[in-house]
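Just so it is clear, the structure is predicted and the values come from calculations on it, not from any experiment. Within every chain, numbering begins at 1; the chains are lettered A, B, ... in the order of the sequence lines, protein sequences first and strands thereafter.
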Protein chains: 2
Amino acid sequence: MRKISESTVRRLSLYLRYLEQSETQGHETISSAELARRGGTTSAQVRKDLSFFGSFGKRGLGYSVPALATRLREILGLKRSHRVVMVGAGRIGGALAQYPGFRQRGFHVSAIYDRDPKKIGSRWNGLVVRDIRHLESDLRKEPTDIAIVVVPADAAQEVVDRLVQAGVKAILNFAPVQLAVPRDVAVKTVNMAQELETLSFVLANR
Amino acid sequence: MRKISESTVRRLSLYLRYLEQSETQGHETISSAELARRGGTTSAQVRKDLSFFGSFGKRGLGYSVPALATRLREILGLKRSHRVVMVGAGRIGGALAQYPGFRQRGFHVSAIYDRDPKKIGSRWNGLVVRDIRHLESDLRKEPTDIAIVVVPADAAQEVVDRLVQAGVKAILNFAPVQLAVPRDVAVKTVNMAQELETLSFVLANR
DNA sequence: TTCTGTGAATAGGTTCACAGCT
DNA sequence: AGCTGTGAACCTATTCACAGAA
């Protein structure tokens, strides 16, 4: 497949969200202009994004809401649910493990690990925090391709190495470090302090 | 000032982090190549990013670590600390309010609001959750220009309107919606389910 | 007539490559 | 010799604009 840009993928995910809303409101079709309005972009952008994957619309009419939603779920790999392991049972990890938005979108946190004996054994929403020592053997029993890393910066690379070694193919990283991974593993780093700093920059430069 | 791209600003924030590490390790100077290595980019990119703001290096030598760090703090508006109000005292809001990474970078959560009577009055790390009703009067007493919004999607726009009305100029939004704000207000939306979806896309398209 | 699909034009961001300090 | 600063070249993403299907 032609290389799809990350911004296109992010927008597809937004479009899907709006399609689902339209679906519950009983709308049959939606135009690129309407999707654009809701997603904060332009109608040309919407059509271009979709055109990378085929032509799903009807000229003069727009897109069939349920058909496009189905197609986007397919494209985004959301037709099946995904098991996710979480490493790090701090406050953020705990909050994320229980975040309803993940489950709603088909991401199911199946295990949470930590190395701190004080945390191991505690419960987060029915999930018992497990000793990180069991990571490899657990993943052998239940291969999982997505992990969320919520450990301190200085522990992150080691954790990621172990996850990669154990076959994880995609990592959502909340530790504020640049991670090294093999080319066939996808990493997305979310750095919340950095987000605030970009806001601070905007405030400072006006 | 010339328009600076968001990606440049994000990288500046990374560079600063590495400079601070180098500083504690007692390094006097650092080259663009070294900064690039640590930030996962190229030396030309580092030099280009910095060049938008002036020329801080010495040819043949590199950059003075403390001088560049100081300059970046200035550029990013981090010479002073920032008060931040948080709206939404759910699990994620609570975790963020206590996130040490914010305080370390000079962002100080000064108040946290919710509308749920069950949450109002509870303590998060010494901070008492206040009734959202007090938002406007509190902000009049203590003008604050950064807010973090961690409320359900359907409440976010209303909260943001009130924040903007009360003078907030920058918003870090964790609600999965596209927010409408006046042009002089900066919004950064972090959508964690969307991040997982981009990973799911990568997994599905290989 | 309306709204899609898509080449072409434009804008924006990244990399190259080299002149110029130190 | 080493490394910065920067115009130019390149590449990627967005917007334009219009032909064509419903």
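Under 4.0 Å is where a charged nitrogen must lie from a carboxylate oxygen, and between B:E6 and B:R11 no such pair does. In summary, A:R37 and A:E34 engage in a salt bridge, as defined by a charged side-chain N under 4.0 Å from a carboxylate O. B:R10 has no carboxylate O lying under 4.0 Å from a charged side-chain N of A:E197, or vice versa, which leaves the two without a salt bridge.
More than 12 non-hydrogen atoms from other residues, nucleotides or ligands lie less than 6.0 angstrom from CD of A:E136. The environment of CD in B:E74 is crowded: more than 12 heavy-atom neighbours from other residues, nucleotides or ligands sit within 6.0 Å.
The distance from atom CZ of B:R10 to atom P of C:dT14 is 12 Å, rounded to the nearest whole Å. Put simply, CG on A:L68 is 16 Å from P on C:dC3, counting in whole angstrom units. For the pair A:L61 CG and C:dT2 P, the computed distance is 13 Å after rounding to whole Å.
DNA chain D lies under 4.0 Å from at least one heavy atom of each of the following residues of residues 28-36 of chain B: B:S31, B:S32. Of all the residues in residues 44-57 of chain A, A:R47, A:K48, A:S51, A:S55, A:F56, A:G57 reach under 4.0 Å from DNA chain C with at least one non-hydrogen atom.
Here CD1 of B:I132 is found 4.5 Å from CZ of B:R162. Values are rounded to the nearest 0.5 Å. The distance from atom CG of B:L96 to atom CZ of B:F174, rounded to the nearest 0.5 Å, is 5.0 Å.
Running 5' to 3' along DNA chain D, contacts with non-hydrogen atoms of chain B at under 4.0 Å begin and end at D:dG2 to D:dA8.
The aromatic rings of A:F107 and A:H82 sit parallel, their planes meeting at an angle under 30°, below the 60° perpendicular limit.
When heavy atoms are screened at a 4.0 angstrom cut-off, A:S43 is found touching no nucleic acid atom at all.
For the residue pair B:E195 / B:N191, no side-chain donor-acceptor distance below 3.5 Å is found, with atom types taken as modelled.
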Might you work through the side-chain contact (heavy atoms from CB on, under 4.5 Å) test for A:M192 and B:F102, ending with a clear yes or no? CA-CA 8 Å; A:M192 290 174 298; B:F102 287 157; 3.9 Å; yes

